[in-house]
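Computed from heavy atoms alone, side chains included, the values below leave out hydrogens, waters and symmetry copies. Sequential numbering from 1 along the given sequence is applied to the chain's residues.
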Amino acid sequence: MNKYIELLSEYSLILVKDGTCYKSKLSGVKPMLNYILDGYDLTDFKAYDRVVGKGAALLFVKAKIKEVYTKVISKAAYELLNKYNIKVTFLEMTPYIINRNKDGKCLVEQALENVFDIEEGYHKIISTLAKLGEKND
């Protein structure tokens, strides 16, 4: 088994390219959003993520990630990554990502339901997290 997939029990997101490896334990879309906001060039990196909803997929597209490995992916995330020709490997596909309270849809995925433009979605993610009072650090 791939060592990065095994590390997903400890980390929420791992980004790898040519010996460079970034790891995060932050939850949700925050790790990927922080890398983008901090100006990391993630072009052609591979992403290993525990759960990929439409928000994470949108950020992967924006960052020009070339390949995604995940345990769980939502149908909308899978379709978005395919649209942008990003290779996806997953264990389970679900209709949508469940929120942390396990009583409905993930709020980021819900906010992006009718968003199809990458830049619009990016700004929607930022505003959704701000409304939730979540810090990006």
Side-chain angles (χ1 to χ4, degrees):
M1 181 184 259
N2 182 307
K3 70 178 179 179
Y4 299 111
I5 292 170
E6 290 176 12
L7 284 173
L8 286 177
S9 60
E10 186 177 347
Y11 297 95
S12 58
L13 176 69
I14 303 165
L15 302 170
V16 180
K17 177 184 173 186
D18 299 333
T20 300
C21 182
Y22 302 117
K23 295 177 252 184
S24 178
K25 293 183 179 184
L26 293 175
S27 63
V29 297
K30 288 182 281 185
M32 199 59 211
L33 181 60
N34 285 346
Y35 287 125
I36 292 170
L37 290 171
D38 292 343
Y40 283 72
D41 179 3
L42 300 172
T43 303
D44 293 334
F45 270 69
K46 291 181 182 179
Y48 297 84
D49 197 335
R50 283 186 202 154
V51 177
V52 176
K54 189 172 179 182
L58 190 140
L59 295 174
F60 292 150
V61 171
K62 180 168 177 56
K64 299 179 175 71
I65 296 291
K66 78 170 184 178
E67 210 167 320
V68 175
Y69 297 84
T70 185
K71 294 180 179 186
V72 179
I73 192 166
S74 72
K75 186 175 188 293
Y78 180 78
E79 289 170 354
L80 182 65
L81 293 171
N82 272 326
K83 177 180 177 184
Y84 287 90
N85 298 311
I86 296 172
K87 183 180 174 190
V88 184
T89 304
F90 62 92
L91 297 177
E92 177 187 349
M93 185 182 298
T94 176
Y96 57 87
I97 302 304
I98 298 171
N99 65 27
R100 290 189 186 124
N101 295 332
K102 301 192 186 316
D103 61 2
K105 229 179 229 191
C106 161
L107 294 176
V108 171
E109 187 148 310
Q110 192 173 334
L112 296 173
E113 273 182 339
N114 297 309
V115 176
F116 302 98
D117 177 79
I118 298 303
E119 285 305 308
E120 179 187 350
Y122 172 66
H123 293 290
K124 190 85 162 175
I125 290 169
I126 292 169
S127 66
T128 300
L129 291 182
K131 285 178 193 168
L132 294 171
E134 293 192 23
K135 295 178 188 166
N136 294 325
D137 50 37

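Side chains of C21 and Y4 form a contact here, defined as non-hydrogen atoms less than 4.5 Å apart. At a threshold of 4.5 Å between non-hydrogen side-chain atoms, the residues K25 and E10 count as touching. Residues I126 and L37 form a side-chain contact, since some pair of their non-hydrogen atoms from C-beta on lies under 4.5 Å apart. Using a 4.5 Å heavy-atom threshold, the side chains of S24 and K30 count as separate.
Atom CG of L15 is separated from atom NZ of K46 by 12.5 Å, given to the nearest 0.5 angstrom. The CG atom of N99 sits 11.0 Å away from atom CD of E109, with the distance rounded to the nearest 0.5 Å. Atom NZ of K124 is separated from atom CG of L58 by 12.0 Å, given to the nearest 0.5 angstrom. Taking NZ of K62 as the reference point, atom CD1 of I125 lies at 10.0 Å (rounded to 0.5 Å). Residue K54 holds its NZ atom at 12.5 Å from CD1 of I73, rounded to the nearest 0.5 Å. Note that CE of M93 is 7.5 Å distant from CD of E79, once rounded to the nearest 0.5 Å.
Under the rule for a salt bridge (Lys or Arg N to Asp or Glu O under 4.0 Å), E92 has no partner lying at least two apart in sequence or in another chain. Under the side-chain contact (heavy atoms from CB on, under 4.5 Å) criterion, A63 pairs with M32, I36, L42, I65, sequence neighbours left out. Considering only residues two or more places apart in sequence or on other chains, D117 meets the side-chain contact (heavy atoms from CB on, under 4.5 Å) condition with E119, E120.
Two different hydrophobic clusters hold L112 and I98 under the rule that ILVMFWY side chains link at heavy-atom gaps under 4.5 Å. Hydrophobic cluster membership is shared by I118 and V29, with clusters built from Ile, Leu, Val, Met, Phe, Trp and Tyr side chains linked at under 4.5 angstrom. Both Y122 and I86 belong to a single network of hydrophobic side chains, linked directly or stepwise wherever heavy atoms of I, L, V, M, F, W or Y lie under 4.5 Å apart.
Put simply, the side chain of T128 never gets that close to the backbone of A111: no donor and acceptor are under 3.5 Å apart. Side-chain atoms of R50 come within 3.5 Å of backbone N or O of Y11 as a donor-acceptor pair. Formation of a donor-acceptor pair under 3.5 Å by the N101 side chain with backbone atoms of D103 is not found in this model.
Contact record, A47 with L13: CB-CD1, 4.5 Å, taken as the closest heavy-atom pair. Residues L26 and P31 share a closest heavy-atom pair of O-CG, 3.3 Å. Of all heavy-atom pairs between G53 and S74, the closest is CA-OG, 3.7 Å.
Remark: the T20 side chain and the D18 side chain contain no N/O donor-acceptor pair separated by less than 3.5 Å.
Among residue pairs with one or both ends in residues 49-71, those qualifying as ring-ring contact (aromatic ring centres under 6.0 Å, His included) are Y48-Y69; sequence neighbours excluded. Evaluation of the ring-ring contact (aromatic ring centres under 6.0 Å, His included) test over residues 72-119, restricted to residues two or more places apart or in two chains, returns Y78-F90.
Other residues, nucleotides and ligands contribute more than 12 heavy atoms inside 6.0 Å of the NZ atom of K105.
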Item to check | Verdict with reasoning, Y40 to F45, per ring pair (Phe, Tyr, Trp, His ring centres under 6.0 Å) | outcome: CA-CA 11 Å; Y40 283 72; F45 270 69; 8.8 Å; no
Next on the checklist: The test is side-chain contact (heavy atoms from CB on, under 4.5 Å); show your working for L59 and L33 and say whether it passes.
Outcome noted: CA-CA 7 Å; L59 295 174; L33 181 60; 4.1 Å; yes
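Side-chain contacts under 4.5 Å among hydrophobic residues (ILVMFWY), followed directly or transitively, place V72 together with V51, I97.
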